[in-house]
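Since we're looking at a predicted model, the values are computed, not measured. Positions are given from 1, in the same order as the sequence printed here.
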Amino acid sequence: MDLDSLFTVDEFEAVAQRKLDPVYYDYIAGGSRDEVTVRANLDGFGRLSLLPRVLRGSAQRDLAVTLFGARSSMPILISPTAFHRLVCTEGELATARAAARADTIMIASMASTVAVGEVAAAARAAAPADHEPTLWFQLYLQPDLDDTTALIARATKAGCKALVVTVDSPVLGANERNHRNRFHDLPPGMACENLRNLRGDEPGNVRQIAMSPELSWDHIDWLREHTELPVLLKGVLHPEDARIAVDHGVSGLLLSNHGGRQLDTVPATIDLLPEFVEAVGGRVPLLLDGGVRRGTDVVKALALGAVAVGVGRPIVWGLAAGGEDGATRVLELLRDELDHTVALCGARGLADLTPDLVRPAAGSRR
Ligand SMILES: Cc1cc2nc3c(=O)[nH]c(=O)nc-3n(C[C@H](O)[C@H](O)[C@H](O)COP(=O)(O)O)c2cc1C
Ligand SMILES: CC(C)CC(=O)C(=O)O
């Protein structure tokens with residue numbers, strides 16, 4: 001595959017769809033139930049227009065952002081997605097190398113098909129000599145707190161710099177494409193490697209991830225007492241819960257509807273962002289994911305108050321099309337689009353991206 005002949009995330013998706021087993025393509029592309037929210041995430045950006053400023057002298061554009069002490073060369077992070085070995089042989093090793101090469105932050109899924117220690121080592125090996133790559137760990141709190149403690153220990157030992165706790169999954173979302181395709185298990189030879197031998201006394205055993213409706217704010221308090229790492233919550237959608245989260249001392253929020261894969265018909269994250277900004281009142285950084293496919297999407301989210309965005313499916317399409325190089329190209333395309341959009345907005349850097357640049361638009365991109 002000549003990756004240089006691909007110029008958009010959508011083109012990467014088309015190639016991925018051609019290459020992948022349709023069962024895996026459906027797992028990745030799909031969302032829950034009628035996929036209303038999957039579409040809403042894309043349409044949400046399409047319903048906003050950008051209103052640029054001019055003549056502000058924007059020749060030197062700095063896209064870097066610092067999050068919890070770690071610098072990322074751009075405000076586009078890799079959101080956690082499960083099972084990368086379904087789409088490329090090297091799985092999360094390839095993703096980690098791409099993130100390190102692009103000098104951005106990877107949020108490693110707890111449901112990785114490579115253990116987090118190996119993922120971190122791959123990132124370090126691929127990073128430029130003077131550069132420490134940043135990995136965060138996405139955690140589903142396990143109702144068995146000993147399991148959770150063991151997972152945190154693994155992530156911490158691997159050098160992860162933050163825990164991103166996904167709180168939108170008291171039960172698993174219903175992707176009806178998976179039901180139709182009878183996709184319920186990983187193929188032989190693949191597993192959630194972070195859950196292997198969790199207790200050290202269970203050789204060969206890979207636990208299943210438990211989604212637990214028992215979880216409550218008490219678990220967030222418990223977690224904060226059991227880790228020195230910054231704790232971000234991923235999947236808070238109600239602005240009142242955003243306020244509660246901040247009151248519970250979380251370090252940041254990743255405004256996410258899980259790419260439309262949990263509760264269907266929740267709003268597009270970009271539509272919720274202004275209310276979130278108001279609820280949080282600058283007390284913690286706000287990140288956003290869901291439907292980011294273009295540099296213009298990134299600029300809209302940043303202008304409306306996000307400090308950074310995450311991309312989920314685009315990275316998986318990159319991996320499917322061309323492994324590490326494919327994911328790297330997706331990140332570089334998005335970086336170029338972002339820089340180009342910042343320039344066209346007459347902005348000198350991310351600080352110039354202010355809410356007045358965003359207006360409601362007629363029509364939708366797709
Ligand atoms: C195939 C796939 C697997 C995912 N796995 C996880 C996961 O393990 N943990 C998690 O918190 N979110 C997971 N997500 C959600 C992403 O982190 C992210 O919220 C979503 O993909 C963002 O939307 P986008 O795909 O439109 O960029 C997954 C999403 C996809 C598409
Ligand atoms: C292991 C799964 C729960 C991963 C996930 O969050 C998803 O597929 O959306």
Side-chain angles (χ1 to χ4, degrees), residues 9-10 12-47 79-88 91 109-113 138 140 142-143 166-188 190-192 195 206-215 234-238 254-272 288-293 310-321 364-366:
V9 168
D10 286 353
F12 269 90
E13 174 169 359
V15 172
Q17 183 168 15
R18 280 202 299 279
K19 285 182 80 166
L20 288 174
D21 180 329
V23 173
Y24 300 156
Y25 173 78
D26 274 351
Y27 162 66
I28 298 155
S32 57
R33 302 297 181 191
D34 290 318
E35 303 184 345
V36 171
T37 298
V38 176
R39 291 188 293 279
N41 280 344
L42 301 171
D43 292 344
F45 286 108
R47 274 187 279 98
S79 275
T81 49
F83 311 150
H84 291 180
R85 285 188 58 215
L86 285 180
V87 301
C88 82
S109 169
M110 174 169 147
S112 296
T113 43
Q138 177 268 324
Y140 286 110
Q142 297 300 282
T166 302
V167 293
D168 58 14
S169 309
V171 292
L172 191 60
N175 179 334
E176 291 169 1
R177 302 198 206 194
N178 291 345
H179 298 327
R180 257 174 239 117
N181 293 332
R182 299 184 204 294
F183 176 53
H184 303 301
D185 285 317
L186 288 172
M190 264 181 237
C192 289
L195 284 93
V206 187
R207 280 166 189 260
Q208 297 292 321
I209 293 179
M211 302 291 170
S212 174
E214 291 162 38
L215 296 175
K234 173 175 186 281
V236 170
L237 290 176
H238 200 295
L254 170 45
L255 172 54
S256 171
N257 53 32
H258 214 116
R261 296 161 76 85
Q262 283 300 116
L263 176 63
D264 195 21
T265 78
V266 304
T269 47
I270 191 67
D271 290 339
L272 281 174
L288 169 147
D289 75 16
V292 174
R293 302 291 181 268
V311 283
R313 293 180 184 85
I315 297 299
V316 187
W317 303 142
L319 291 171
S364 134
R365 192 178 69 219
R366 282 150 200 267

Requested in this report: For the pair Ser212 (side chain) and Pro143 (backbone), establish whether a donor and an acceptor sit closer than 3.5 Å, ignoring hydrogens and angles.
Outcome: no
Query raised in the report: Hey, are the side chains of Val292 and Phe45 touching, using non-hydrogen atoms and a 4.5 Å cut-off?
Result: yes
Query raised in the report: Is there side-chain contact between Tyr27 and Leu86, with heavy atoms separated by less than 4.5 Å?
Result: yes
Query raised in the report: Does any non-hydrogen side-chain atom of Pro80 lie less than 4.5 Å from one of Lys234?
Result: yes
Query raised in the report: In Å and rounded to the nearest 0.5 Å, what is the CG to CZ distance from Leu319 to Phe12?
Result: 10.0 Å
Query raised in the report: Do Glu176 and Glu35 touch side chain to side chain, with heavy atoms closer than 4.5 Å?
Result: no
Query raised in the report: Counting only N and O atoms by type, is there a donor-acceptor contact under 3.5 Å from the side chain of Arg313 to the main-chain atoms of Ile28?
Result: yes
Query raised in the report: Taking Asn257 for the side chain and Gly260 for the main chain, is one N or O donor matched with an acceptor at less than 3.5 Å?
Result: yes
Query raised in the report: Pick one: which of Leu20, Thr81, Val311 meets side chain to side chain contact (heavy atoms under 4.5 Å, CB included) with Val316?
Result: Thr81
Query raised in the report: Do you see a donor-acceptor pair shorter than 3.5 Å between the side chains of Ser79 and Asp289?
Result: yes
Query - Side-chain (Lys19) to main-chain (Ala321) donor-acceptor, under 3.5 angstrom - result: yes
Requested in this report: Would you name the heavy atoms of Trp317 and Ala16 that are closest together and state the gap between them?
Outcome: CE3-CB, 3.5 Å
Report task. Verify, without hydrogens or angle tests, whether Arg39 (side chain) and Asp34 (backbone) share a donor-acceptor contact under 3.5 angstrom. Result -> yes
Report task. Taking the side chain as every heavy atom from C-beta outward, state whether Leu195 and Met110 have any atom pair closer than 4.5 Å. Result -> yes
Query raised in the report: So with a 6.0 Å cut-off around CZ of Arg33, is the heavy-atom count from everything else above 12?
Result: no
Query raised in the report: Is Thr37 reaching over with its side chain to a backbone N or O of Thr265, donor-acceptor style, under 3.5 angstrom?
Result: yes
Query raised in the report: Does Arg293 reach the side chain of Pro314, with side-chain heavy atoms less than 4.5 Å apart?
Result: yes
Requested in this report: For Arg85 and Gly91, work out which heavy atoms get closest and say how close.
Outcome: CG-CA, 3.5 Å
Query raised in the report: Under 4.5 Å between any side-chain heavy atoms of Leu237 and Leu255, yes or no?
Result: yes
Query raised in the report: How close do Glu13 and Ala29 get, heavy atom to heavy atom, and via which atoms?
Result: OE2-CB, 4.4 Å
Requested in this report: Mind listing the closest non-hydrogen atom pair of Met211 and Val171 along with its distance?
Outcome: CB-CA, 4.0 Å
Requested in this report: Measure the spacing between CE of Met190 and NE2 of His84 and express it to the nearest 0.5 Å.
Outcome: 12.0 Å
**Report entry** 4.5 Å side-chain heavy-atom contact, Arg261 and Val38
**Finding:** no
**Report entry** Asp264 side chain vs Val36 backbone, donor-acceptor pair below 3.5 Å
**Finding:** yes
**Report entry** Expected output: side-chain Gln262 to main-chain Asp168 donor-acceptor under 3.5 Å
**Finding:** yes
Report task. Identify the heavy atoms of Ala268 and Asn41 that sit nearest to each other, and give their distance. Result -> CA-OD1, 3.3 Å
Query raised in the report: Nearest heavy-atom pair of Ile209 and Cys192: which atoms, and what distance?
Result: CD1-SG, 4.1 Å
